[in-house]
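Reading through the structure tokens given below for one structure.
Note on naming: letters A, B, ... go to the chains in the order of the sequence lines (proteins, then strands), and numbering restarts at 1 for each one. Because the structure is predicted, anything quoted here is derived from the model rather than measured. Scope of the values below: all heavy atoms of this structure, side chains included, with no hydrogens, waters or symmetry mates.
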Protein chains: 2
Amino acid sequence: MSESTRTRLSAGERRNQLVEIGRKTFAEKGYDATSVEEIAERAKISKPVIYEHFGGKEGLYAVIVDREMEYVISRISAAISEGTPRERLEGAVMAFLLCVQDRPDGFAVLQRDSPTNTGMANLLADVGDQVSNVFASEFKKAGYDRRAAPLYAQAIIGMVAFVAQWWQENPKMAVEEVGAHVLAMIWLGLRDLPKEPDQPARPADYP
Amino acid sequence: MSESTRTRLSAGERRNQLVEIGRKTFAEKGYDATSVEEIAERAKISKPVIYEHFGGKEGLYAVIVDREMEYVISRISAAISEGTPRERLEGAVMAFLLCVQDRPDGFAVLQRDSPTNTGMANLLADVGDQVSNVFASEFKKAGYDRRAAPLYAQAIIGMVAFVAQWWQENPKMAVEEVGAHVLAMIWLGLRDLPKEPDQPARPADYP
DNA sequence: GGAGTAAGTTACGTGCGAGTAAGTTACGGT
DNA sequence: ACCGTAACTTACTCGCACGTAACTTACTCC
């Protein structure tokens, strides 16, 4: 069977193709503005195929979001699994930025609004809770106000997410540089900004 | 004419009522998920009235967004009009937080996605450019890397916007406290967090 | 009190997009 | 070669929500 003659794809191949095309399309136009028809067109098939595989528009969307979340979470989890607190933070920030760099469409999908409010909101809420817990115990140790822990967690997350978005639209810097600046701001504060911040090593154990 | 008997409103009153109801509804459900029908229902009138006043759904939305942006921008502008750089930054942050506190629905509307991508994206882009310019000149003076100025601008904006959102969902702290923490983080960096950050005065010359 | 206008209603047209039923074509095994 | 199944298409239904045309009711000012 020659590749060029091939018209029909297997179930698995079709699923993967549709997830990819769907991700790109949702990233470009958002959930509501994307029609099932359009995704079908881009994939050069007809609508019912999508219903066959995913049960409907929401089904496809759910699969896309789920995969993206899984991807981001697994990378961040790997990055914060060990090391000093500072190394873990650096790892998490760099992991996130690398996700954005490697899968811009996925990031875009997660950032947009969705029907069942799954997406970035949930992801960031989760991450926020995690970070917040770490902070709470550290704050307690250091005698700071524990109630403020979630605030600082949110602040850091917002900072990173926003910088990532800006960076995606103005991709003139290397990941390492972006990460270095963000981390510098987190650790040192604006007042003592270094002229050339240290560049944390890019984790090597991820594709 | 007794107030209780009054059924018909004047054009201006109706406009204001619809803007208010529209803001609340769009804030709750987002642009797409809100139907003209529903807004009409909540206002206890019929659909064509809205078309009469605003020409359509987008027209109403545009007016709402415009008013909200105007409101936020005017407050921030007033806050950064004079003082030392630090006072200006404090003023801007506090002004923004007070906007969120005073008009939560407006903030919600601006944050959501919209048809013509007006909204928070544009607002923050504008503010970002402003802040970025200030930073660029300061950075030059201090010998830092000028290209990084927009990054730090975005970082601060993202931080404030995210904290604001979190605070809206967990309104357990006073504005002054939230502002103090955010500003502490900006100025001092995480490493030297004070146990009880200074509380900047709330600007008195705004309603 | 009645004409004129502003405010508001009912009842529709229209289009688009989600979802489906029934029929058709390629492919793979025997 | 041919049968069965999995992949795919054509051709619809249905409902919702934007927008509009034509009509009706309340208010105001002489």
Would you find more than 12 non-hydrogen atoms of other residues, nucleotides or ligands less than 6.0 Å from A/Glu52 atom CD? no

Specify the separation, in whole Å, of atom CD of B/Glu52 and atom P of C/dT9. 12 Å

Rounded to whole Å, the CD-P distance (A/Glu37 to D/dT9) equals 11 Å

For A/Ile39 and C/dG19, give me the distance from atom CD1 to atom C1', rounded to whole Å. 14 Å

Distance flag, aromatic centroids of B/Phe54 and B/Tyr61, threshold under 6.0 Å: no

Counting just side-chain N and O atoms, does A/Ser46 come under 4.0 Å of either OP1 or OP2 of D/dT9? yes

Do B/Phe135 and B/Tyr144 have ring centroids that are under 6.0 Å from one another? no

Return the nearest nucleotide to the side chain of B/Arg8; candidates are C/dA7, D/dC8, D/dT10. C/dA7

Tell me the interatomic distance from A/Leu9, atom CG, to C/dG28, atom P, rounded to whole angstroms. 12 Å

Nearest-Å distance for atom pair CG/P, residues B/Leu60 and D/dC18: 11 Å

Report the residue from A/Phe96, A/Phe107, A/Trp167 that forms a side-chain contact (heavy atoms from CB on, under 4.5 Å) with A/Gln101. A/Trp167

Do the side-chain N and O atoms of A/Arg75 and A/Tyr71 include a donor-acceptor pair separated by under 3.5 angstrom? yes

Do B/Ser10 and B/Glu13 have a side chain donor and acceptor closer than 3.5 Å? yes

Considering only side-chain heavy atoms of B/Ala11, which listed nucleotide, C/dA7, D/dT20, D/dA17, is closest? C/dA7

Rounded distance in Å - CD1 (B/Ile50) to C1' (C/dT9): 14 Å

Can you measure A/Arg14 atom CZ to C/dC27 atom P for me and round it to whole angstrom units? 12 Å

Considering the terminal five base pairs at each end of the helix from C/dG1-D/dC30 to C/dT30-D/dA1, what angle separates the two local helix axes, rounded to 10°? 10°

Roughly, in whole Å, what's the span from OH in A/Tyr51 to P in D/dC12? 18 Å

Atom NE2 of A/His181 and atom CE of A/Met159: how far apart are they, to the nearest 0.5 Å? 11.5 Å

Checking only heavy atoms, does the side chain of A/Lys57 share a donor-acceptor pair with the base of C/dG19 at less than 3.5 Å? no

